[in-house]
Amino acid sequence: MFQGLVAFGHSLAGFMTPASIGLVLAATLVGVVIGALPGLTATMGVALMTTLTLKLPSSQALLVLICTYVGAIYGGSRSAILLNIPGTPASAASCLDGYALARQGLAGRAMGIATSGSVLGTLIGMFFLALFTPLLGDLALKFGAYEFFWLAVFGVVISATLTGGDALKGWIAGFAGLFIATIGQDGIHAYERFNFGNRDLAGGISLVPALVGAFGFAEILVAMQERRPPVQVNALDSVIPKLRDVFRYWRTIIRSGVIGTFVGIVPGVGEDVAAWSSYAAAKRASAEKELFGKGSVEGLMAAETGDNACVPGAIIPVLTLQIPGSAPAAVLMAAMLIHGVKPGPMIMIESPQFVYDIVAMMMLATIGILIYGLTLTRFLVQVLRVPTTIIVPIILVLCTVGTYALASRLFDVWVMVAFGVLGFVLRRFGYPMAPLVLGIVLGDLLEKNFRRGLVLSDGDLSPFFTRPISGVLCATLVVVVLLRLGVLRRLFPRRPVLEQTP
Amino acid sequence: MSMEAAPPGAVSPRADFWSALAWIVFGGAVAVGSWRMDRLANLHINPYEVPGLVPGLLGATIFGLGCLLAARALRQGALLPAGAPAPAEPGARRYIALVLGAMLFYALVLVGRGLPFWLATGAFVTAFIYGFDRPRQAALGRSAAGSAVLAAVCGVTTSAVVTLVFQHVFYVRLP
């Protein structure tokens, strides 16, 4: 514990340079603005910033990406409160009580609550990040090919199941993502697959152009399609968070922080699920349930604490298992690989200080959102007034030039465009993007470990089911799928509730 | 709001049926392509290392899930009149096709085809903002000349900032 604190202090001290502080302030601001603008999500922000930070040293590039991530999740609450439009899907739960408070003339107070919830949520998540990463890292050392295969399948299936919407479509998107990852040379014999003679495609689909396409190009198309009406914002009261709110709802804050972190750890299940789960738990435990949805301070606090606690939570499996906990964390993982940082089970052995570097980056991002939460309200109101029709072409230019900058080849721009169009069409047909992206990220892990496992067991499939961790993962997966398909519910129907007579 | 996907129920059973058919064809094609893939027998490799194994299994899974989706859509009345999608808002398709066309024109035609990047970007941003923001500007009572000036300012600024930052700060060779 004490060693961890010392390591954290070292990491924090390492970032106390004018350049790093400047990057923290700039990146958090970019994140908050991206998050606040309806139509632009945290995943898109992190993907875009990945392409813009290629030339920075790895520690500074990751600092920028983490600040953007944290800032964007926080920024989403601004438009949720002021416009009743979640800036990112993670802020959808904040609309319910945030906008209700704003309609009562308490928009400033609502933003103060969102700021305190977000800051405390990130701090709670950060604590668990520092605590659990070494523990999970130790556990991950016991994982072999069979366990990693199941983890990859587990990530895709759980992501599709728990992110809401149509699970069947999510599974299809996830398996399509896994297939996309197999395009190009295979990892063992370098045999070219599904490239149709194209030399560029033989190298495979690069992750970042695909992500920028699926989340950048496709999202700006969706934003244009929605034709958002002009923004009207009423007068604001004070945005300074009230300590009274924090002390009064400390149980809700801790509960939501814990829920948010654990939802983040589950592969592919992002901040939106964390916010809704925290909100639902707070409502269930609250003494003032009737206020929820009508301007409940507790409800807003729970949603904001939950979604921000999910950010550090989603990074825990990235660092220990190389499995992203959310879509933005998938992009962050891709950025780590680009910058030569190899997360995974060996991280606590090879570079334990890196884990504390990430915790320190989170701390700086938290300070960033606190500063902007107190100072940036009027500026953000002006930003929200900028119409989508002006933002969209600028974002497209950044998507294009950022993608090209990765390897100075037009092929990456074509991949970005192809995934943008594909992402837009799939969204129109109700297919979620998170499982698709997770599939692309996890495809290589799945294939290598499946083939390796089969070779090790000489074609015997039983180790995939009989090894303890594999067995648990497989059984969980089967139960989740059966539950979602309704098979178990039909086999074990709930007893009908008898009507109570007065 | 930006949607991760269309909310449940927003997509008609018929649309689900067509998308399911597309997945069935896609999954089937992948599975067949993987089955016919070279098994590298001349290299005497382990049969569990054949390159088509995993893509084949994934293709078969997508095929199976596509069949499930098609069956579900049929059960929900995909082929009945009630299963048809709600008529689109008049002009909505044309509008989004125009937006998509403009975005594709920039990314695939203007960039990297010999036109200087700064010129392509400046022209695209100016034209896009003028073309798509003009109705909003008109509703605010602003003249066409005023809208054109605003669009040009945005276009020139974007082009200059992006070109300077990428070329001189990030040292990126622009397309």
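When reading the values below, keep in mind they use all heavy atoms of this one structure, side chains included, and skip hydrogens, waters and symmetry mates. Each chain gets a letter, A, B and so on, in the order its sequence line appears, and its residues count up from 1. From a predicted model like this one, the values you see are computed outputs, not experimental measurements.
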- Item | Most chain B-contacting option - heavy-atom pairs closer than 4.5 Å, from Tyr404(A), Phe424(A), Trp414(A), Phe194(A) | Tyr404(A)
- Message: Applying a heavy-atom distance below 4.5 Å, give me the residues of residues 144-157 of chain B that approach chain A, sorted by number.
- Response: Leu150(B), Cys154(B)
- If you round to the nearest 0.5 Å, how far is CZ of Phe124(B) from CD1 of Ile394(A)? 10.0 Å
- Between Arg113(B) and chain A, which part of the residue has a heavy atom less than 4.5 Å away: side chain, backbone, both or neither? side chain
- Message: Using heavy-atom distances under 4.5 Å, tell me whether Ile129(B) contacts chain A through its side chain, its backbone, both, or neither.
- Response: both
- Honestly, the part of Val413(A) sitting under 4.5 Å from a heavy atom of chain B is side chain
- Query: Is chain B contacted by the side chain of Leu398(A), its backbone, both, or neither, given a heavy-atom distance below 4.5 Å?
  - Reply: side chain
- Message: Looking at every heavy atom in both Val162(B) and Val401(A), which two are closest together, and how far apart are they?
- Response: CG1-CG1, 4.0 Å
- Message: If you compare all heavy atoms of Ile96(B) against all heavy atoms of Leu221(A), which two are closest, and at what distance to 0.1 Å?
- Response: CD1-O, 3.5 Å
- Item | Worked check of side-chain contact (heavy atoms from CB on, under 4.5 Å) between Met103(B) and Thr400(A) | CA-CA 10 Å; Met103(B) 288 167 68; Thr400(A) 308; over 6 Å; no
- Okay, Tyr191(A) and chain B: the region with an atom under 4.5 Å from a heavy atom over there is side chain
- Item | Top contributor to chain A contacts, counting heavy-atom pairs under 4.5 Å, from Leu43(B), Val165(B), Leu104(B), Leu100(B) | Leu100(B)
- Would you say the side chain of Phe117(B) lies within less than 4.5 Å of the side chain of Val397(A), judging by non-hydrogen atoms? yes
- Note on the structure: Pair count under 4.5 Å, heavy atoms only, with chain A: among Ala92(B), Ala120(B), Ser19(B), highest is Ser19(B)
- Does Tyr431(A) have its ring centroid less than 6.0 Å away from the ring centroid of Trp23(B)? yes
- Message: If I measure from the heavy atoms of chain B, does Leu410(A) come under 4.5 Å with its side chain, its backbone, both, or neither?
- Response: side chain
- Query: What distance separates Phe179(A) CZ from Phe26(B) CZ, expressed to the nearest 0.5 Å?
  - Reply: 4.5 Å
- Looking at Leu68(B), Thr61(B), Leu65(B), which hits side-chain contact (heavy atoms from CB on, under 4.5 Å) with Ile172(A)? Leu65(B)
Pairs of donor and acceptor atoms involving the side chains of residues 46-58 of chain B, under 3.5 Å and at least two apart or interchain, shall be tabulated with distances.
unit_1   : atom_1 : unit_2    : atom_2 : d
Asn46(B) : OD1    : Tyr48(B)  : N      : 2.9
Glu49(B) : OE1    : His189(A) : NE2    : 3.0

- What part of Ser34(B) gets closer than 4.5 Å to chain A, counting heavy atoms only: side chain, backbone, both or neither? both
- Query: When heavy-atom pairs shorter than 4.5 Å are enumerated against chain A, which of Asp133(B), Thr158(B), Val111(B) gives the highest number?
  - Reply: Asp133(B)
- Query: How long is the span from the CD1 atom in Ile390(A) to the CD atom in Gln137(B), to the nearest 0.5 Å?
  - Reply: 6.5 Å
- Message: For Ser408(A), which atoms come within 4.5 Å of any heavy atom of chain B: side chain, backbone, both, or neither?
- Response: both
- Query: Which of the residues Asp458(A), Leu446(A), Asp186(A) is involved in the greatest number of heavy-atom pairs with chain B at under 4.5 angstrom?
  - Reply: Asp458(A)
- So does Asp38(B) pair up with Arg193(A), basic N to acidic O under 4.0 Å? no
- Task: Name all pairs fulfilling the ring-ring contact (aromatic ring centres under 6.0 Å, His included) condition that reach into residues 57-103 of chain B, sequence neighbours left out, sorted by first residue then second.
- Result: Tyr95(B)-Phe132(B)
- Query: Which answer fits Val425(A), side chain, backbone, both or neither, if we ask what part of it has an atom under 4.5 Å from a heavy atom of chain B?
  - Reply: neither
- Query: Does any pair with a residue in residues 169-183 of chain A pass salt bridge (Lys or Arg N to Asp or Glu O under 4.0 Å), and if so which ones, sequence neighbours excluded?
  - Reply: Lys169(A)-Asp16(B)
